[in-house]
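Numbers here are sequence positions counted from 1. Every number for a ligand or one of its atoms is a count from 1 in the order of the listing.
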Amino acid sequence: MSKTKTLFVCQQCGSSAVKWMGKCPSCGAWNSFVEEVIEKSKANTPQQGIKDGEIVALDSLNPEALTRLVTPDEELNRVLGGGIVPGSVILLGGEPGIGKSTILLQLALECKGIKLLYVSGEESLNQVKLRANRVGLTNPDCFIVAETVLENILEAGKKVAPEIIIIDSIQTVSSVELDSAPGSVPQIRESTAGLIQYAKKNHIAVFLIGHITKEGYIAGPKILEHMVDTVLYFEGDRHYNYRILRTMKNRFGSVAEIGIYEMGDKGLIPIKNPSEILLTARTQALSGISIAATLEGIRPMLIEIQALVSPSPYSTPQRTTTGYDAKRLSMLLAVLEKRCGMRINIYDVFLNIAGGLKVEEPAIDLAVIASLASSYHDMTIPLDTCFAGEIGLSGEIRPVNQIETRISEAEKLGFKTFYLSSYNKKSITRKYDSIKLIFEDTVENLLGQIFG
Ligand code: TYD
Ligand code: MG
């Protein structure tokens, strides 16, 4: 096969050279030259029935009519914005062993009637078959090939003519046109570019599995994330069986969606009602525990916040958080000290979000404050109580968005009392019969009301 012309390009300033250089002569950056193939036609986002370069009226387009492949996995459909867009390229990142191969193999086996090609670059065909046996699914439309050479993968794609191709993983794929080793930056970049072009041209959806580095980035160039249409991360805590599929970028949908799965002995099971698993089975109220009504995307979730405030043996007390921002915790502790007269500075504080979840939404502030005060006073909060509100520096309780969605979820799960901001009063349009809404304006008043 004839070699395509390649050039070495400085990743800092973009200047090019025919040979690799340790130091860029124009910007002075060290070790910034990377081999790139020159002259590749650009890949476009799928445009059904419109030729490249054709001029059309914007009003004549109807992206809603974009036909999506709706998969049997509802969590995945939602995360992708309603299904897989043909011709789109989706990067799935995650730590080793988290379940990336499992989720996509399961998808391949569940999509009956949709032709798929699973390209395994990491495991032998028998290893993949063993995993398929383990999840207990079969699909006559799922084809598999153990291949790592880009050109051969594209050839296999031509033969099978699938609607979906799964590449496990992009770090193992290399092009014969480059001399550098598989997994190197230029190879990953070149292989991705080749697959994107192929996906757009043939209207095939391509999933790329990508490894994550110690720092939590997809190994390889950051540009990979810019090139693809959608970036998903599969994450979870080693100590829990829950796995969360999160969108980091989506050209065809919202990035606020998450999908929740549980890893069992027979593969991943989508969790339809996350609140039920995130609330530990409780029969007795315990101090330091409160429930927050949070939102992930458009989906309401009730989560348990656990706090332990105990006298510190050291002059510098500890502040430890799991699943919650440590800076935000410091801010809330300062509010409790200053506005509620609690002497937190001589206590160690541990804060934990149950289920190994990470929550960034400030709407859980109110529940965090309540659990801290509950542990501090060693007084319990009734089991059927939950909270939603953001806290400002002066201790005021600020309103949160989509309050009615949160209240309805709490009501559905049998909660009887819901604490929220007084400013949310005007956003409530319906009456709630089985849940009592308690509006509060400041943290001081809230804690007075609960703990007396
Ligand atoms: P895998 O999909 O190989 O992870 P990745 O591709 O992200 O590296 O998943 C590996 C882990 O999942 C492994 O530790 C075994 C576990 N597992 C189960 O617990 N149950 C199952 O049914 C399967 C298939 C895997
Ligand atoms: Mg794998």
Side-chain angles (χ1 to χ4, degrees), residues 71-73 75-76 79-80 89-111 116-139 142-150 153 164-174 182-183 187-188 191-192 195 205-220 224-225 228 230-248 258-272 277 355-358:
T71 74
D73 183 343
E75 299 291 297
L76 181 70
V79 166
L80 291 176
V89 179
I90 301 150
L91 179 64
L92 173 69
E95 283 175 21
I98 205 74
K100 301 180 295 297
S101 303
T102 307
I103 190 173
L104 290 185
L105 181 65
Q106 251 180 269
L107 175 79
L109 296 171
E110 281 168 355
C111 285
L116 287 116
L117 178 63
Y118 189 103
V119 182
S120 177
E122 299 200 333
E123 290 162 314
S124 70
L125 298 186
N126 280 327
Q127 277 172 306
V128 179
K129 180 61 184 159
L130 281 176
R131 184 180 289 121
N133 290 347
R134 189 165 174 189
V135 299
L137 294 168
T138 57
N139 181 2
C142 175
F143 295 87
I144 173 160
V145 58
E147 185 57 75
T148 55
V149 176
L150 174 70
I153 293 173
I164 300 174
I165 297 185
I166 295 166
I167 310 282
D168 187 2
S169 66
I170 187 65
Q171 276 92 359
T172 60
V173 180
S174 59
Q187 282 290 12
I188 294 178
S191 308
T192 308
L195 286 160
V206 176
F207 281 92
L208 307 174
I209 289 180
H211 293 291
I212 264 184
T213 59
K214 275 205 295 296
E215 295 77 34
Y217 297 114
I218 292 182
L224 201 63
E225 301 188 16
V228 299
T230 303
V231 180
L232 305 178
Y233 272 81
F234 205 35
E235 52 185 48
D237 197 302
R238 260 183 306 125
H239 307 292
Y240 295 92
N241 291 332
Y242 307 122
R243 300 284 180 271
I244 296 169
L245 190 60
R246 216 179 263 285
T247 338
M248 306 307 281
I258 65 163
I260 304 185
Y261 298 84
E262 187 172 1
M263 179 69 93
D265 345 319
K266 289 200 158 79
L268 292 154
I269 307 156
I271 305 276
K272 294 221 172 61
I277 56 149
L357 215 66
K358 281 192 205 85

Suppose we measure from atom 2 (O) of ligand 1 to each protein heavy atom; which comes out shortest, and what is that distance?
T102 OG1, 2.5 Å
Looking only at protein heavy atoms, which one is nearest to atom 11 (C) of ligand 1, and how far off is it?
G97 O, 3.4 Å
Look at atom 22 (O) of ligand 1 and say which protein heavy atom is nearest, naming residue and atom and giving the distance to 0.1 Å.
G267 N, 2.5 Å
Counting only nitrogen or oxygen atoms and a 3.5 angstrom limit, does P96 reach ligand 1?
no
Quick one: look up the protein heavy atom nearest atom 4 (O) of ligand 1 and list residue, atom name and how far away it is.
G99 N, 3.1 Å
So, R134 side chain and G267 main chain: donor-acceptor pair closer than 3.5 Å or not?
no
With heavy atoms and a 4.0 Å threshold, my read on which part of D265 contacts ligand 1 is backbone
So which heavy atom in the protein is nearest atom 20 (N) of ligand 1, and how far is it from that ligand atom?
G264 O, 2.6 Å
Below 2.8 Å, can you find an N, O or S atom of S169 next to the Mg ion (ligand 2)?
no
Under-4.0 Å heavy-atom contact with ligand 1, by part of S101 that carries it:
both
Is any side-chain heavy atom of T247 less than 4.5 Å from a side-chain heavy atom of V231?
no
Show your working on salt bridge (charged side-chain N to carboxylate O under 4.0 Å, His left out) between R131 and E123 and close with a plain yes or no.
CA-CA 11 Å; R131 184 180 289 121; E123 290 162 314; 2.8 Å; yes
May I ask you to decide whether R246 forms a salt bridge with E235, counting only side-chain N to carboxylate O separations under 4.0 Å?
yes
Within the 4.5 Å heavy-atom criterion, are T71 and E110 side-chain neighbours or not?
no
Taking the side chain as everything from C-beta on, heavy atoms only, tell me whether T192 gets closer than 4.5 Å to V228.
yes
Donor-acceptor side-chain pairing of S169 and E122 below 3.5 angstrom:
yes
Return yes when E95 approaches ligand 1 closer than 4.0 angstrom through a heavy atom, no otherwise.
yes
Between D168 and S101, do the side chains contain an N or O donor and an N or O acceptor separated by less than 3.5 Å?
yes
Shortest protein heavy-atom distance from atom 3 (O) of ligand 1, along with the residue and atom involved:
R131 NH2, 2.8 Å
Quick one: nearest non-hydrogen protein atom to atom 15 (C) of ligand 1, plus distance?
R134 NH1, 4.1 Å
Are any side-chain N or O atoms of K266 and backbone N or O atoms of V135, one a donor and one an acceptor, separated by less than 3.5 Å?
no
K266: numbered ligand 1 atoms lying under 4.0 Å from its heavy atoms:
22 (O)
Can you pull out the closest protein heavy atom to atom 12 (O) of ligand 1? Residue, atom name and distance to 0.1 Å, please.
M263 CE, 3.3 Å
When you measure from atom 7 (O) of ligand 1 to each heavy atom in K100, Q106, E262, which option holds the nearest one?
K100
Under 3.5 Å, is there a donor-acceptor pair linking the side chains of N241 and Y261?
no
